[in-house]
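Below: the structure, in structure tokens.
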Protein chains: 2
Amino acid sequence: MDRGAFLEAFEKAKAARELLVVACDCEITYSGRAEAFLPRGERLIVMKQDGVLLVHQPENGNPINYLKAGGDITLEKYEGHLMLRGKHAAQKEFLDIEIFTVHDGFHRKLEDGGKQTLLGSEADMSDSIRDNPSLIGPDFKPISREEQTAVGFVDVFGHDGQGNLVVIECKRYTAGLDAVSQLHRYVEKVKQVKGTKNVKGILASPKITGNALEMLKSYGYDWRDVHPPKRHERHAKSQKHLGEF
Amino acid sequence: MDRGAFLEAFEKAKAARELLVVACDCEITYSGRAEAFLPRGERLIVMKQDGVLLVHQPENGNPINYLKAGGDITLEKYEGHLMLRGKHAAQKEFLDIEIFTVHDGFHRKLEDGGKQTLLGSEADMSDSIRDNPSLIGPDFKPISREEQTAVGFVDVFGHDGQGNLVVIECKRYTAGLDAVSQLHRYVEKVKQVKGTKNVKGILASPKITGNALEMLKSYGYDWRDVHPPKRHERHAKSQKHLGEF
DNA sequence: TACTACATCTCGCAT
DNA sequence: ATGCGAGGTGTAGTA
């Protein structure tokens, strides 16, 4: 793909708000929330239909450089080659891509109204606990789930039928020190707002690190081994549930 | 691009570990850390040279689906169209992309040994404080920075010359409740390890939320308005520094 | 490997 | 717009 063809392709793509993809040899400067420089090399550049700009190196999952939607992207001749400039006035940032050689590329309008459905999130986990409180303990009675009460974002909130409030924080992966700190914050807040010291803290996750468990115990909280639900597990649970009747 | 050409392109790209890019109409199923389904629509699929697989919708910055390097990717005929399968045995996850129509695409070996240099990270910020302790206060004396001591990950550690140890947590953006919790964890750890109660906590960030400031004060800690360094600021600082001699 | 914390985090949701 | 927390977070650094 020669320079003229790419300039033309870019203008068409920009005007029609099409996806533009190009493999090229380039050098990149970013300035905004930080400052960055990437010396010359071959990368994949993607301009999406909403103005998102991505630069991918040939390995690793994340873009090495990017600009969010809402900026302005231009392509112009620059000292014998090309300069692709992304400017985001609102955020005072820019991404300058000096393009030396354009290898391959295309542009096209993509039609996609699809929304992904996802099962196994932390929200699904707190749903699961609310619907199956015995996962926490035989006496646990859920009151609310992910409710925006005066105490803030508590994943599951309940009581134990023995005069204690119970605050549960869920993590869908290994719980670390940060999760314990978060739980502690919620428990302290509940104690303050409800004006009681009878508040138990429970961390529910499929795993917990050693240091986190130690810190959890030092606060007097407990850990429960709970996994985020998946389809087959939910299915198995439904069967068991049906069997109970 | 017809089906046969894409099958051939895929096999060449896979064998030579080349970048493969394709715009297509597809339907996607993921199972692994969670379970997800994305109904039919037009997307951009990228297979990188290390086996990373990305699916981008025409808008938004993040891939809607992906697989990390280390898995196996195959393309085969499937019920009259194509199935691109990524399997990651180690992580027990798979990404199945049923491709109905291939629109555009190319494959190419990209040569890129470039590493990005970046200024303005949190590490740069703690460097800046160590080199310029007056950013914290006239009496602050830094001792260590990001050192892995018995106290753990403390961004900047020092004393105030008045018998108090000082723990500083840096955030390059607005500090929230999580940052205060983190600082609190470090201060408590230092008190415990050093066997003293004379430990001050300081949160250094360009901004802090109201609730975070309130929580910070309730612990008796302080906030300092510090910005992550940028090139021109560092330049200005160097000039000032030179001027001091 | 496990653990920890950063990230130009991004994204959605609620106030 | 800001605050807050999740994320299939990813990634780097260290023990």
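Each chain gets a letter, A, B and so on, in the order its sequence line appears, and its residues count up from 1.
Residues satisfying the salt bridge (charged side-chain N to carboxylate O under 4.0 Å, His left out) test with B:E188, not counting sequence neighbours, are B:K191.
The CG atom of B:D124 sits 13 Å away from the C1' atom of C:dT8 (whole-angstrom rounding). The distance from atom CZ of A:F153 to atom C1' of C:dC13 is 7 Å, rounded to the nearest whole Å. Atom CG of B:L213 and atom C1' of D:dG3 are 14 Å apart (whole Å). For the pair B:H227 NE2 and C:dT8 P, the interatomic distance rounds to 18 Å; values are reported in whole Å. As rounded to whole Å, 13 Å separates atom C1' of C:dC11 from atom NZ of A:K48. In this entry the distance linking NZ of B:K189 with P of C:dC3 reads 14 Å, nearest Å. Nucleotide C:dT15 holds its C1' atom 11 Å from the CG atom of B:N211, rounded to whole Å. Atom pair B:M125:CE and C:dT8:C1' shows a separation of 15 Å (rounding to whole Å applied).
Using a cut-off of 4.0 Å between Lys/Arg side-chain N and Asp/Glu carboxylate O, B:R145 and B:D131 are scored as not salt-bridged.
A sub-4.0 Å separation between OP1 or OP2 of D:dC4 and a side-chain N or O of B:T209 is present. Taking only side-chain nitrogens and oxygens, A:R185 never comes nearer than 4.0 Å to OP1 or OP2 of D:dC4.
When only modelled atom types and interatomic distance are considered, A:Y30 and A:E93 share a side-chain donor-acceptor pair under 3.5 Å. There is a side-chain donor-acceptor pair under 3.5 Å between A:S121 and A:D124. A donor atom on one side chain and an acceptor atom on the other are not found under 3.5 Å apart for A:H88 and A:K68.
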Stepwise side-chain hydrogen bond (donor to acceptor under 3.5 Å, both in side chains) test for B:R185 and A:S181: CA-CA 8 Å; B:R185 218 161 67 219; A:S181 284; 3.1 Å; yes

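Looking at A:Q57, its side chain does come within 3.5 Å of a backbone N or O of B:G114 through a donor-acceptor pair.
Spacing of P atoms, D:dG5 relative to C:dC6, comes out at 16 Å, to the nearest Å. Nucleotides C:dA7 and D:dA6, compared at atom C1', are 15 Å apart to the nearest Å. Of the C1' atoms belonging to C:dA5 and D:dG7, the separation is 16 Å, rounded to the nearest Å.
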Protein proximity profile, nucleotides 6-12 of chain D - base contact B, sugar-phosphate-only contact S, no contact -, cut-off 4.0 Å on heavy atoms: SSBBSS-

